[in-house]
Number of protein chains: 2
Amino acid sequence: MSEPIDVLKALSDFGRLRILKMLEIKSLCVCEITELLGLATSTVSSHLNVLKNADLIQDEKEGKWINYKLAPAPPPFFQEIWPLISRHLDPNRQILEDRKKVGSVDRHKICAAV
Amino acid sequence: MSEPIDVLKALSDFGRLRILKMLEIKSLCVCEITELLGLATSTVSSHLNVLKNADLIQDEKEGKWINYKLAPAPPPFFQEIWPLISRHLDPNRQILEDRKKVGSVDRHKICAAV
DNA sequence: ATTACATTTCTAAAATCATCGAAATGACTA
DNA sequence: TAGTCATTTCGATGATTTTAGAAATGTAAT
């Protein structure tokens with residue numbers, strides 16, 4: 001079970017905060033998150049692994065894709081602090097931009113787009 | 001002014017969390033914190049600098065010593081999340097041990113003790 | 001003023017972390 | 001069964017961070 005310090009470490013990277021904020025809006029597959037974040041797929045996979053090990057997110061298979069979503073029952077510590085953190089992230093320019101894009105992202109268009 | 005991510009980064013090291021929890025009890029000089037943490041003086045000084053740059057603590061000269069204490073007016077983001085974090089740290093073994101020791105620490109005995 | 005001592009700064013090492021590309025894995029589909 | 005494609009794992013690199021010792025700084029007391 002994750003200690004507060006583990007959760008705080010998971011939250012100490014802005015890319016991971018962006019992921020959590022995206023997942024607040026809707027579940028996303030790895031290639032969608034990759035596209036939105038502008039990082040390599042393997043990097044995103046690594047970040048997702050950190051968040052998953054801290055019990056903050058969950059994965060769920062859907063055909064060819066693996067959808068990630070916020071954990072329905074994250075550690076109590078996270079449950080308490082996340083709403084506050086989330087609210088303070090809202091005005092951030094990057095977060096606002098992410099939010100705008102995440103609504104219209106379509107995995108069929110961006111994945112395997114060569 | 002410090003962004004949420006800066007505060008979260010400052011809070012992502014357990015030694016720094018220990019320092020903040022100690023300062024909740026009382027102001028301490030660097031050599032006292034050094035003794036309690038069991039790290040090199042220069043390392044502690046570096047951690048204190050991180051906390052100070054995030055506007056979480058303040059220093060105050062007192063004769064030969066420099067006392068550190070929690071900032072009276074830290075960033076609003078920190079003001080909101082710290083009470084929750086603090087409470088979740090309370091049961092931690094190391095934090096409990098620190099608390100026990102911090103009450104009886106005496107700078108005249110531990111500093112320059114050769 | 002010289003000494004003593006708390007603290008910071010400097011320098012360097014070791015460790016951790018973010019990142020990427022390539023290879024491996026796993027699942028659907030034709 | 002082959003092939004396609006999403007994802008993860010592997011291996012490597014550069015950046016950042018934690019750490020410590022030595023030198024520098026600043027202050028107080030003798």
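Under 4.0 angstrom from either OP1 or OP2 of C:dA27 there lies at least one side-chain N or O belonging to A:K61. One finds no side-chain N or O of A:R107 lying less than 4.0 angstrom from the OP1 or OP2 phosphate oxygen of D:dC5. Residue A:Y68 has no polar side-chain atom (N or O) positioned under 4.0 Å from OP1 or OP2 of D:dA6.
Nearest to the side-chain atoms of A:C29 among the listed nucleotides C:dA6, D:dT8, D:dT7 stands D:dT7.
When heavy atoms are screened at a 4.0 angstrom cut-off, A:D13 is found touching the sugar-phosphate backbone but no base atom. As judged by a 4.0 angstrom heavy-atom cut-off over every strand, B:F14 is placed among residues making no nucleic acid contact.
Using a 4.0 Å cut-off between charged nitrogen and carboxylate oxygen, B:R107 and B:E62 count as a salt-bridge pair. A salt bridge links B:E97 and B:K101; the closest N-O separation between the charged side-chain nitrogens and carboxylate oxygens is under 4.0 Å. Ion pair A:K69/A:D59 not flagged as a salt bridge, since none of the NZ, NE, NH1 or NH2 atoms sits closer than 4.0 Å to an Asp/Glu carboxylate oxygen.
The separation between A:L28 atom CG and D:dA6 atom C1' is 15 Å, rounded to whole Å. B:N67 places its CG atom 11 Å from the P atom of C:dT8, with the value rounded to the nearest Å. At whole-Å resolution of the value, CG in B:L11 and C1' in D:dT18 are 17 Å apart. Between the CD1 atom of B:I5 and the C1' atom of C:dC17 there is a distance of 14 Å, rounded to whole Å. Note: CG (B:L48) to C1' (D:dT19) measures 14 Å, nearest angstrom. Going from atom CD of A:E60 over to atom C1' of D:dT7 covers 16 Å, rounded to whole Å. As rounded to whole Å, 17 Å separates atom P of D:dG3 from atom NZ of A:K64. In this structure, the CD1 atom of B:I19 is 13 Å from the C1' atom of D:dT19, given to the nearest Å.
Ranked by how close their nearest DNA chain C nucleotide is to the 5' end, A:H47 and A:E62 are led by A:H47. Of the two residues near DNA chain D, A:N49 and B:S12, the one whose nearest nucleotide lies more 5' is A:N49.
Taking each heavy atom of A:K9 and A:R16 in turn, the nearest pair found is O-NH2, 3.3 Å.
Every residue two or more places apart in sequence or in another chain was checked for a salt bridge (charged side-chain N to carboxylate O under 4.0 Å, His left out) with A:K26, and none qualifies. The side chain to side chain donor-acceptor pair (under 3.5 Å) check on A:D106 picks up A:H108, with sequence neighbours excluded.
In this structure, B:Q79 contributes its side chain and B:P74 its backbone to a donor-acceptor pair below 3.5 Å.
Sorted by residue number, the members of residues 33-46 of chain A with any non-hydrogen atom under 4.0 Å from DNA chain C read A:L39, A:A40, A:S42, A:T43, A:S46.
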